[in-house]
Amino acid sequence: MLLAVLIANSEGNILVERFNGVPAEERLHWRSFLVKLGADNLKGVKNEELLVASHKSVYIVYTVLGDVSTFVVGKDEYDELALAEAIFVITSALKDVCGKPPTERLFLDKYGKICLCLDEIVWKGLLENTDKERIKRLVRLKPPTEF
Amino acid sequence: MAQPLVKKDDDRDDEAEYSPFLGIEKGAVLQEARVFNDPQLDARRCSQVITKLLYLLNQGETFTKVEATEVFFSVTKLFQSRDIGLRRMVYLIIKELSPSADEVIIVTSSLMKDMNSRTDMYRANAIRVLCRITDGTLLTQIERYLKQAIVDKNPVVASAALVSGIHLLQTNPEIVKRWSNEVQEAIQSRAALVQFHALALLHQIRQNDRLAVSKLVTSLTKGTVRSPLAQCLLIRYTSQVIRESGVNTQTGDRPFYDYLEGCLRHKAEMVIFEAARAITELSGVTTRELTPAITVLQLFLSSSKPVLRFAAVRTLNKVAMTHPMAVTNCNIDMESLISDQNRSIATLAITTLLKTGNESSVDRLMKQITNFMSDIADEFKIVVVEAIRSLCLKFPLKYRSLMNFLSNILREEGGFEYKKAIVDSIVILIRDIPDAKESGLLHLCEFIEDCEFTYLSTQILHFLGNEGPKTSDPSKYIRYIYNRVILENATVRASAVSTLAKFGAMIDSLKPRIFILLRRCLFDNDDEVRDRATLYLNTLGGDGSVVETDKDVKEFLFGSLDIPLTNMETSLKNYNPSEEPFDIDSVPKEVKSQPLAEKKAPGKKPTGLGAPPTVPTSAADAYERLLSSIPEFASFGKLFKSSAPVELTEAETEYAVNVVKHIFDRHVVFHYNCTNTIQEQLLENVSVIVDASEAEEFSEVGSKPLKSLPYDTPGQTFVAFEKPEGVPAVGKFSNMLRFTVKEVDPSTGEAEDDGVEDEYQLEDFEVVAADYMVKVGVSNFRNAWESMVPDFERIDEYGLGPRESLAESVNTVINLLGMQPCEGTEVVPTNSRSHSCLLSGLYIGNVKVLVRLSFGIDASKEVAMKLAVRSEDENGLLAYHKKPMKKKPMKMECPHHGLTPNKLNFIVIIELSALSNRLYDIYQNITGSKELLKTLEDEYEIDDADNGASFFFGSRGASGRGSTGGSAAGFHALNKQRAELLGGARE
């Protein structure tokens with residue numbers, strides 16, 4: 001299960017937070033844990049360089065893109081490699097929607113589109129689409145090209 | 001010129017600070033949402049409002065039921081718009097709102113319309129939304145469309161239906177299971193993702209049908225799977241099938257191994273890694289199978305991607321636990337990872353190296369770790385400390401450098417958990433490695449000089465009080481302890497006073513000086529400290545006369561409270577201060593049943609200061625006190641060993657009963673812990689009727705029934721047996737719980753007056769040879785071995801017959817002997833054809849026993865074992881135990897062979913071990929060798945009695961073994977029969 005996708009700005013404020021199968025009372029804990037993880041490790045990291053951590057049986061892969069940092073959390077079949085795949089899709093979709101590594105402003109400007117992309121990528125904790133071209137078309141309700 | 005530039009910067013700042021959602025408020029957005037009701041829909045504006053709603057939801061804002069329902073209704077109106085962008089937003093917001101809104105079912109008709117739309121993308125999205133809001137009845141209505149969608153030409157539609165299926169399987173499994181044919185078809189799809197989702201769904205549908213999963217795997221591993229993700233799934237399912245099918249015994253091949261190995265050459269890293277991991281996790285994996293997987297993982301170790309490095313080192317870390325030798329090739333790569341920027345990777349690398357390293361590399365490794373420790377977080381440091389602890393137990397000779405390392409890091413900065421882990425490790429090392437005791441205690445003393453954690457200080461002081469007086473120069477610790485009285489807070493001062501008193505009680509020469517120190521504490525400003533000082537001065541006779549401390553006083557100082565602390569706490573809380581003083585005898589002594597979670601984690605090693613690794617002292621002490629408090633058993637002498645509880649009932653039965661076997665020199669006491677789990681019943685006069693007809697050497701001498709057993713309050717009943725002194729008698733016992741049952745009215749809790757007698761059958765259990773052996777480790781096996789005279793050595797060889805693997809044989813023998821493996825020799829390197837294992841233990845009669853086991857396995861998996869056992873000689877035994885001669889087993893003569901079997905009794909264990917229980921049963925019932933032969937032939941279809949016997953007895957020659965000296969009567973009979981039998985066969 002892909003437990004969480006979290007996108008925050010450089011100060012650690014949450015921009016997007018989507019949890020799957022995480023009890024409401026644990027979410028706050030996860031949020032602060034991830035934000036702290038980012039604050040400790042993401043300084044000076046290059047765009048899209050992946051960082052990885054594990055907490056008990058849960059894996060976390062995170063990265064930075066422009067002004068925003070993205071965290072994905074998973075367990076069981078969503079181990080570090082599957083998460084790396086998921087975060088790669090998310091960052092490419094972000095770049096695609098924003099046209100470049102986004103500033104916070106740009107990210108918020110494109111907020112609706114970004115939500116649609118995330119909706120296509122992760123659906124209730126399962127990875128659904130992985131190809132950015134296809135996602136780009138799907139959010140505009142266009143059928144995929146290969147079809 | 002400068003002006004415009006500055007202006008531009010200002011502009012940029014403004015832009016950066018401005019957020020489109022600045023000052024956003026839920027109320028205002030809900031107001032704005034009214035635009036959804038406009039007759040002339042403004043699609044752009046509606047999209048903006050939905051975005052704002054999404055932003056609020058994503059920020060964790062919650063909508064009340066009314067708010068959510070209202071917005072939801074307005075949103076449904078947007079289905080009228082033909083704007084595609086807006087429609088996509090509508091699908092999303094419906095999904096987001098549906099959990100909190102009422103009557104979401106209202107959109108069903110709109111969605112059904114979209115599901116049959118000619119626009120593919122409407123269909124896909126409508127399916128996804130419908131799946132989110134659907135229930136069982138609705139699902140039957142749309143099932144037909146979903147089945148069609150699964151095989152839709154458009155991969156997006158198919159994927160949407162398949163992923164919906166995965167979600168719906170949780171709620172409506174019986175409906176989704178009907179779609180297997182369609183899903184099967186979708187697996188053949190050319191679209192990679194459809195294949196991935198279809199495979200996941202099909203496996204979930206069939207996961208309980210082994211044969212179907214096996215067929216699925218067989219067909220797919222032969223075909224082509226396009227998506228790397230699907231390939232990963234397939235690898236996982238394949239390893240599941242391998243786990244369930246086992247190795248082909250004829251050819252030694254493992255099914256599907258070639259497929260896994262082929263995946264190691266796949267172009268996607270994900271697939272390569274998954275295959276490598278699957279191979280490393282195969283049960284009983286051989287070195288040949290492991291090598292290619294380790295090679296690719298080694299390549300990943302030097303990858304530029306941290307994720308791959310992490311994945312590889314994590315897997316290798318796991319492999320190192322079972323096959324340390326296989327990972328040694330990667331050590332060089334791993335050492336370079338110690339400096340990896342990612343601390344998770346570095347820590348895993350270190351802990352792997354600690355597992356794979358050999359004795360000679362310890363020092364070098366420690367040097368590297370020292371540099372590394374300064375820049376990792378506490379949680380990683382704890383992992384390293386734990387790894388170092390196990391390394392030290394594995395190589396006790398290296399304790400000096402490892403102990404130094406621990407004491408160095410103890411001095412550095414760190415949080416409580418980290419410091420506690422270090423202190424716990426030092427305590428365990430002191431306990432397991434006698435040579436490390438003095439230096440370890442000094443390190444702890446230095447630590448409390450500057451320790452900010454009250455808990456750790458008091459724990460160390462307690463430990464110091466128990467261990468310090470037993471060292472060669474106890475006076476050197478006094479300074480550290482008394483410093484605590486001067487410098488620390490009241491809690492620490494109080495425990496320092498107790499520690500001082502313990503030194504005073506144990507060492508008469510120190511007494512006068514301890515009294516001076518204790519008298520100074522009489523003026524402390526804390527009540528507890530003063531009280532303790534007064535108490536100890538009085539109990540130790542601080543009136544100036546230096547006398548030997550009473551046994552009672554020592555018992556008072558060193559013995560633990562005879563009462564479970566939780567019971568004590570409850571009683572104290574219930575106690576109302578009054579004229580009547582608190583009576584400690586009023587506290588119940590019964591141990592409350594453990595919480596389930598604790599019960600489920602047996603074998604977890606105690607790590608704290610509380611207990612040594614074998615039988616926790618507290619438990620052993622508690623048992624000893626409990627038994628000596630029962631008059632019937634008080635005369636049995638010193639308790640030698642208490643077994644772990646053996647469950648005699650299945651989980652969740654009416655009455656839960658387990659038994660603990662307490663072994664004394666001449667007696668065995670069965671201690672039954674009973675729990676009544678029926679609220680409506682009260683049990684009275686509870687006893688266990690034991691049938692010992694299959695344990696000839698035992699005769700019942702007494703029992704102690706339990707008066708009353710109310711609901712959920714555990715009680716204990718005992719049955720005692722006599723057995724020949726110092727002899728490891730074995731046998732099987734059947735048990736019946738007998739009681740009077742009374743009905744209880746649950747509302748009032750009152751029991752009826754009349755009861756009915758009833759019985760409840762419990763499972764049988766056995767007293768086995770290993771019950772007479774206590775696990776006691778030695779720090780340096782070779783020294784210990786050589787210090788025992790070879791005259792008291794016995795060497796024998798055994799054939800164990802065909803076994804599953806060498807590791808399995810080693811484990812079985814260790815468990816049968818019940819001895820402590822030393823120096824990590826219980827781990828068998830992969831694929832080795834021979835192995836040596838060192839064991840140590842204390843045998844009944846307090847005979848120290850060391851065992852060297854050498855195993856060998858041949859191509860047909862026949863395992864041969866050579867066993868060398870040494871035990872203490874008579875004089876050593878005398879000096880060591882200071883026991884009167886008549887109590888020593890050396891003086892006993894074996895009634896059957898006239899041998900003095902002190903250390904050699906031990907051989908009996910091995911002989912018994914070689915017998916399966918079944919065979920033992922047969923033997924017990926046989927009188928003549930002809931019958932024996934026949935039974936052997938019938939049971940095991942053998943036609944050569946000699947082979948048959950050697951198979952089971954593992955005897956490679958009967959001559960010496962017949963006189964080995966056993967003691968169990970049944971067993972002597974066996975031995976004799978066997979000698980005759982073998983002799984007869986030879987003739």
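So you know, we letter chains A, B, ... as the sequences are listed, proteins then strands, and number each from 1.
Comparing A:Arg27, A:Glu77, A:Arg140 by how many heavy-atom pairs each has under 4.5 Å with chain B, the most go to A:Glu77. For chain B, the option among A:Ala24, A:Cys115, A:Ala53 with the highest count of heavy-atom pairs below 4.5 Å is A:Cys115. The candidate with the highest count of non-hydrogen atom pairs below 4.5 Å against chain A, out of B:Gln341, B:Arg88, B:Met270, B:Arg190, is B:Arg88. Between chain A and the options B:Ala192, B:Pro306, B:Ala311, heavy-atom pairs under 4.5 Å are most frequent for B:Ala311. Ranked by heavy-atom pairs under 4.5 Å with chain A, the list B:His167, B:Glu269, B:Arg87, B:Gln59 is led by B:His167. Ranked by non-hydrogen atom pairs under 4.5 Å with chain B, the options A:Lys142, A:Lys124, A:Lys113 are led by A:Lys124. Counting heavy-atom pairs closer than 4.5 Å to chain B, the top residue among A:Asp119, A:Leu50, A:Leu51 is A:Asp119.
Checked for salt-bridge contact, A:Arg134 and A:Glu120 miss the test: no charged N lies under 4.0 Å from a carboxylate O. With respect to A:Asp40 and A:Lys36, a salt bridge is recorded, a charged nitrogen being found less than 4.0 Å from a carboxylate O.
For A:Asn129, the parts lying near chain B are the backbone and the side chain together; criterion is any non-hydrogen pair under 4.5 Å. Only the side chain of B:Arg277 comes within contact range of chain A, with heavy atoms under 4.5 Å apart. With a 4.5 Å cut-off on non-hydrogen atoms, A:Arg31 touches chain B through its side chain but not through its backbone. Looking at A:Leu126, the atoms closer than 4.5 Å to chain B (heavy atoms on both sides) all sit in the side chain, from C-beta outward. Looking at A:Arg18, the atoms closer than 4.5 Å to chain B (heavy atoms on both sides) all sit in the side chain, from C-beta outward. Only the side chain of B:Glu274 comes within contact range of chain A, with at least one heavy atom under 4.5 Å from a heavy atom of that chain. Residue contact with chain B, scored on non-hydrogen atoms closer than 4.5 Å, involves the side chain of A:Tyr59 exclusively. With a 4.5 angstrom heavy-atom cutoff, B:Leu229 touches chain A only via side-chain atoms. Heavy atoms closer than 4.5 Å to chain A are found nowhere in B:Thr62, neither backbone nor side chain. With a threshold of 4.5 angstrom between heavy atoms, B:Lys95 approaches chain A through side-chain atoms but not through N, CA, C or O. There is no contact between B:Arg309 and chain A, counting heavy-atom distances below 4.5 Å. Using a 4.5 Å cut-off between heavy atoms, A:Glu85 contacts chain B through its side chain alone, with no backbone atom that close. Proximity to chain A (any heavy atom under 4.5 Å) is restricted, for B:Ile166, to the side chain, taken from C-beta onward. For B:Gln48, no part lies under 4.5 angstrom from a heavy atom of chain A. Within the 4.5 angstrom heavy-atom criterion, no atom of A:Leu83 approaches chain B. Both the backbone and the side chain of B:Leu54 come within contact range of chain A, with heavy atoms under 4.5 Å apart. In this structure, chain A has heavy atoms under 4.5 Å from both the backbone and the side chain of B:Arg128. Only the side chain of B:Ser344 comes within contact range of chain A, with heavy atoms under 4.5 Å apart. Of the atoms belonging to A:Leu138, heavy atoms from both backbone and side chain fall under 4.5 Å from chain B.
The main-chain N or O of B:Arg226 is found under 3.5 Å from a side-chain atom of B:Gln195 such that the two form a donor-acceptor pair. Side chain of B:Asp114 to backbone of B:Ser117: no donor-acceptor contact under 3.5 angstrom is found. Formation of a donor-acceptor pair under 3.5 Å by the B:Ser81 side chain with backbone atoms of B:Leu78 is not found in this model.
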Could you go through the salt bridge (Lys or Arg N to Asp or Glu O under 4.0 Å) check for A:Asp79 and B:Arg236 one step at a time?
CA-CA 13 Å; A:Asp79 58 9; B:Arg236 282 178 197 175; 3.7 Å; yes
Evaluate the criterion salt bridge (Lys or Arg N to Asp or Glu O under 4.0 Å) for residue pair B:Lys305 and A:Glu49; output intermediate values, then yes/no.
CA-CA 8 Å; B:Lys305 298 177 187 168; A:Glu49 183 178 335; over 6 Å; no
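A 4.5 Å side-chain heavy-atom check between A:Thr70 and A:Leu6 finds every atom pair outside the cut-off.
With sequence neighbours excluded, the residues that form a ring-ring contact (aromatic ring centres under 6.0 Å, His included) with A:Tyr62 are A:Phe71. For the ring-ring contact (aromatic ring centres under 6.0 Å, His included) test, no residue two or more places apart in sequence or in another chain qualifies with A:Phe107.
Ring pair B:Phe21/A:Tyr111 is perpendicular by interplanar angle, where above 60° counts as perpendicular and below 30° as parallel.
Judged by distance alone, the side chains of B:Arg132 and B:Tyr91 never bring a donor and an acceptor atom under 3.5 Å apart.
Applying the side chain to side chain contact (heavy atoms under 4.5 Å, CB included) test between A:Lys100 and each of A:Leu65, A:Leu94, A:Leu106 identifies A:Leu106 as the sole match. None of B:Val129, B:Val75, B:Asn125 except one satisfies the side chain to side chain contact (heavy atoms under 4.5 Å, CB included) rule with B:Val90; the exception is B:Val75.
Taking all atoms of both residues into account, the shortest heavy-atom contact from A:Val64 to A:Lys46 is CG1-O, 3.7 Å.
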